[in-house]
Every structure is written in structure tokens, then in C-alpha cells.
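As C-alpha cells, the structure follows; a few thoughts come after it.
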Amino acid sequence: MHCGKRMLYEKPQALTPPRTDVVMMTPWLAPIVWNGTYNIDILNAQFQLRGVRIGLAMFAIKKYVVFLQQFIETAEKFFMVGHKVNYYILTDRVEEVHQYNFKLGEGRQLFTLQSPTYKRWQDICFRRMEMIRNYTRDRFINEVDYLAVADIDMQFSDDVGVESLSELFGTIHPGFYNLSRQSFTYERRAESRAYIPPDEGDFYYAAGYFGGTTEEIYKLTNYCHNGIMADRKKNIEALWHEESHLNKYFIYYKPTKLLSPEYLWDNRMGIPGFLKRRRFVAVPKNHNEIRNKRSIKEKQRASKNAKH
Ligand code: UDP
Ligand code: GAL
Ligand code: MN
């Protein structure tokens with residue numbers, strides 16, 4: 001039987017690795033995706049054969065709506081081009097998001113979903129796990145096969161395609177790819193459900209980009225949200241919020257694919273030689289200005305006025 005189209009490409013080698021400057025496989029045999037280690041034509045054909053549907057969820061709460069336009073416009077150029085894509089924007093400003101009239105490619109749709117907002121930016125980050133869990137259970141599971149969850153203060157600047165998809169995938173944080181366990185910013189207080197002992201841990205994963213099948217994302221977000229709620233009862237907050245819980249999850253439920261820092265880069269780290277592509281890159285922001293209701297300048301002005 002002949003399935004799919006005939007394809008011509010160079011034979012893979014058994015004894016010559018395509019790259020020798022980076023590690024391409026974890027000890028549990030999950031590939032680590034780097035440029036030059038895969039053939040995207042083979043992958044595209046395989047995923048197209050299955051008619052795969054991909055969701056991309058991101059939060060635009062309060063002032064973070066300012067990042068939306070650049071995010072979507074660059075995603076249209078680089079994210080899963082040629083495949084079926086649903087964008088899910090979770091926001092407390094549905095009306096404002098509706099004002100944008102994004103021109104989307106064929107097979108691509110955008111949905112604006114209501115999300116609660118929280119006073120503290122930390123809670124906005126924590127609650128992403130709960131919101132993704134609920135929307136995955138109630139909706140995403142019926143609409144897409146894979147779901148990726150991303151920070152919105154980012155832009156795509158090179159291809160993020162189906163090579164990145166797997167049952168459960170995490171991204172190696174750009175600040176920690178070559179550091180020891182002791183340097184990882186895991187939660188180290190035993191009282192927290194995100195606690196990781198000093199002699200455990202594989203990589204430090206970034207919460208800014210992860211994904212998997214909707215079933216796996218449900219399990220992951222449910223686990224993290226339950227841990228976050230248990231911590232709340234004990235009045236403890238993990239060091240890096242939902243990222244700490246994500247890192248805990250990935251130790252015991254190992255990702256089936258890892259994305260190299262090509263998939264989440266921050267230009268403040270420079271451009272090391274092994275980094276052949278920067279696919280998804282942090283947009284610089286002023287943390288105080290963007291996260292708080294009132295900017296620092298506004299606060300200074302207010303306190304000055306109060307004195308007069
Ligand atoms: N976020 C938001 N509104 C906020 C704070 C955070 O929408 O007021 C969302 C947004 O999607 C953001 C993500 O939560 O990308 C994580 O927060 P942030 O990017 O500020 O964390 P960082 O990458 O700086 O650690
Ligand atoms: C920072 C990043 C944070 C968090 C932290 C972990 O560079 O902005 O979101 O990931 O690293 O130590
Ligand atoms: Mn971010």
C-alpha cells in the first residue's frame with residue numbers, strides 16, 4: 001500500500017550525528033530540538049497526513065494587551081505555517097481585544113476568551129494553570145490535538161513548527177541551559193508542593209512556552225494548580241510562581257520532547273555560537289510599568305502631590 005506522497009531527501013546517517021556541539025537526546029530518550037537536527041519537510045508531511053490541529057493559548061490581562069498585536073502578527077509569519085491553528089487569547093479585556101482585526105492565514109482562527117484578573121501580577125501568573133486547565137477540559141480538548149501555552153511578552157522571529165510538537169513538551173530556560181542543579185531556581189523550601197530536593201532535577205524549564213496533547217496539558221495544569229492551592233492554604237508561594245510547579249511536574253512526568261533555548265530566547269543573554277536560530281524571543285519590558293496598576297512615575301507624582 002502506498003500512503004502519502006513520495007518524498008526525496010538525503011538518507012539519515014546511523015554513525016554521523018547531524019550536530020556535535022549540542023546534546024540531542026535526554027537520558028530518557030526525549031529528543032532535544034535544535035536547528036539542523038531534523039528535516040521539516042518530512043515532519044510537515046507526516047503531521048499534514050494526520051490533519052493535526054494546534055492551539056496556541058496566551059494571556060493578555062490588564063496592560064499586557066499591548067503585546068498582542070506584535071505577538072499575533074509574528075505568529076502568522078512563523079508559527080505552524082501551513083497547519084490548522086487556533087489562537088486562544090485569554091483576557092479580562094474582551095472588548096478591547098475585539099477591536100483588533102487580525103488578518104489570519106487560511107485554516108487559522110482566533111478566539112477571545114474571558115479570563116478573571118487579579119490584583120497582584122503574581123496571582124495572574126499562578127492562575128494561568130487553573131484557567132488553562134478549565135478551558136482545556138471544557139473546550140480545547142474538543143477543538144485541538146495539541147495545545148501550546150505561551151507568554152505574550154514575546155515575538156516570533158523564526159519558524160516554530162511541528163518539529164516542536166509531542167505528547168508533552170517543555171522548553172529549556174535560556175538562563176540555565178548550562179548550569180548545575182544547585183544553580184537552578186527551583187523551589188527549595190520543603191513546605192511547598194513545588195519543592196525539589198538538591199539532588200534531583202534534569203533541566204530548568206521555562207513557563208513561557210510549554211505544551212502537549214490536550215490530555216497531557218490537562219494533567220499538567222491540574223497538577224500545578226492543585227499544588228498552588230495547597231501552598232496557598234499553608235501561606236507559601238513558590239519562588240517562581242507557576243514555573244516552580246511546572247519544574248516539579250517535569251521531574252516526575254518527564255517531557256517527551258524538549259525544546260532548546262532557540263524556542264525561548266532573551267537577547268539579554270547575547271547570542272552564543274550554538275544558537276543558530278532565535279525563534280521566539282522576549283520583548284523587553286519595564287516590569288514595574290507594565291505589571292502594576294500605576295506606574296512608578298505615577299506613584300512618584302502621587303506622593304509628590306500628597307506632600308504639597
Ligand atoms: N500576564 C498578564 N498580565 C499581567 C501579568 C502577566 O497578562 O499583568 C501574563 C502574560 O501573558 C505574561 C505572563 O502572564 O506574558 C507571564 O508574566 P511575565 O511575562 O510578566 O513574566 P516574566 O516573563 O517577566 O517572568
Ligand atoms: C528570569 C525570568 C523569570 C524566571 C526566572 C527564573 O530570567 O524572567 O520569568 O523564569 O528567570 O529564575
Ligand atoms: Mn514573559
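Remember, it's 1-based here, ligands and their atoms both numbered in the order they're listed. The basis for the numbers below is simple: all heavy atoms, side chains too, and nothing from hydrogens, waters or symmetry mates. Sequence positions, counted from 1, serve as the residue numbers for this chain.
- Annotation: Tyr177 is in aromatic contact with Phe274 [ring centroid separation under 6.0 Å].
- Between the Glu187 side chain and the Arg189 main chain, a donor and an acceptor come within less than 3.5 Å of each other.
- For Cys125, every heavy-atom contact with ligand 1 shorter than 4.0 Å involves the side chain, none the backbone.
- Closest protein heavy atom to atom 11 (O) of ligand 1: Phe59 O, 2.7 Å.
- The protein residues lying under 4.0 angstrom from ligand 2, judged by non-hydrogen atoms, are His173, Phe176, Thr185, Tyr204, Trp240, Glu243.
- A donor and an acceptor atom, one from each side chain of Glu76 and Tyr87, are located under 3.5 Å apart.
- By the criterion of a separation under 2.8 Å, the protein N/O/S atoms near the Mn ion (ligand 3) amount to Asp151 OD2, Asp153 OD1, Asp153 OD2.
- Neither side chain, Arg193 nor Asn226, offers a donor N or O lying under 3.5 Å from an acceptor on the other.
- Side-chain atoms of Asn44 and His83 form a donor-acceptor pair, as typed in the model, at a separation below 3.5 Å.
- Remark: side-chain polar atoms of Thr256 are not paired, donor with acceptor, to backbone N or O of Ser166 under 3.5 angstrom.
- Taking the six-membered ring wherever Trp is involved, the centroid distance between the rings of Phe111 and Tyr88 falls below 6.0 Å.
- In this structure a side-chain-to-backbone donor-acceptor pair under 3.5 Å is missing from Lys62 to Arg93.
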inquiry  = Evaluate Thr214 against Arg53 for side-chain contact (heavy atoms from CB on, under 4.5 Å), listing each step before the verdict.
reply    = CA-CA 11 Å; Thr214 44; Arg53 302 164 301 170; over 6 Å; no
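- Nearest protein heavy-atom contact of atom 20 (O) of ligand 1 is Tyr64 OH, 2.5 Å.
- For atom 7 (O) of ligand 1, the nearest non-hydrogen atom of the protein is Ile61 N, 2.8 Å.
- Closest protein heavy atom to atom 25 (O) of ligand 1: Arg291 NH2, 3.8 Å.
- Looking at Asp151 against ligand 1, both its backbone and its side chain come within 4.0 Å, counting heavy atoms.
- The part of His287 lying near ligand 1 is the side chain, judged by heavy-atom distances below 4.0 Å.
- At a 4.0 Å heavy-atom cut-off, ligand 1 touches Arg128 through the side chain alone.
- Contacts with ligand 1 closer than 4.0 Å are made by no heavy atom of Lys63, backbone or side chain.
- For a threshold of 3.5 Å applied to N or O pairs, the pair formed by Ile152 and ligand 1 contains at least one separation below that value.
- Side-chain atoms of Arg277 do not come within 3.5 Å of backbone N or O of Glu262 as any donor-acceptor pair.
- In plain terms, the two heavy atoms of Pro116 and Ile61 that are nearest each other are O-CD1, 3.8 Å.
- A salt bridge does not link Glu191 to Lys234: none of the charged side-chain nitrogens sits closer than 4.0 Å to a carboxylate oxygen.
- Formation of a donor-acceptor pair under 3.5 Å by the Asp266 side chain with backbone atoms of Arg268 is found in this model.
- For ligand 1, the polar-atom distance check finds an N/O of Lys285 within less than 3.5 Å of one of the ligand's N/O atoms.
- For ligand 1 and Ile124, the ligand atoms under 4.0 Å from any heavy atom of the residue are 1 (N), 2 (C), 3 (N), 4 (C), 5 (C), 6 (C), 8 (O).
- Between the side chains of Tyr186 and Glu200, not a single donor N or O lies within less than 3.5 Å of an accepting N or O.
- Listed by number with element, the atoms of ligand 1 under 4.0 Å from a non-hydrogen atom of Asp153 are 15 (O), 19 (O), 23 (O).
- A salt bridge does not link Arg291 to Asp153: none of the charged nitrogens lies less than 4.0 Å from a carboxylate oxygen.
- Ion pairing between a basic and an acidic side chain is recognised when a charged N comes within 4.0 Å of a carboxylate O; Asp158 and Lys276 show no such pairing.
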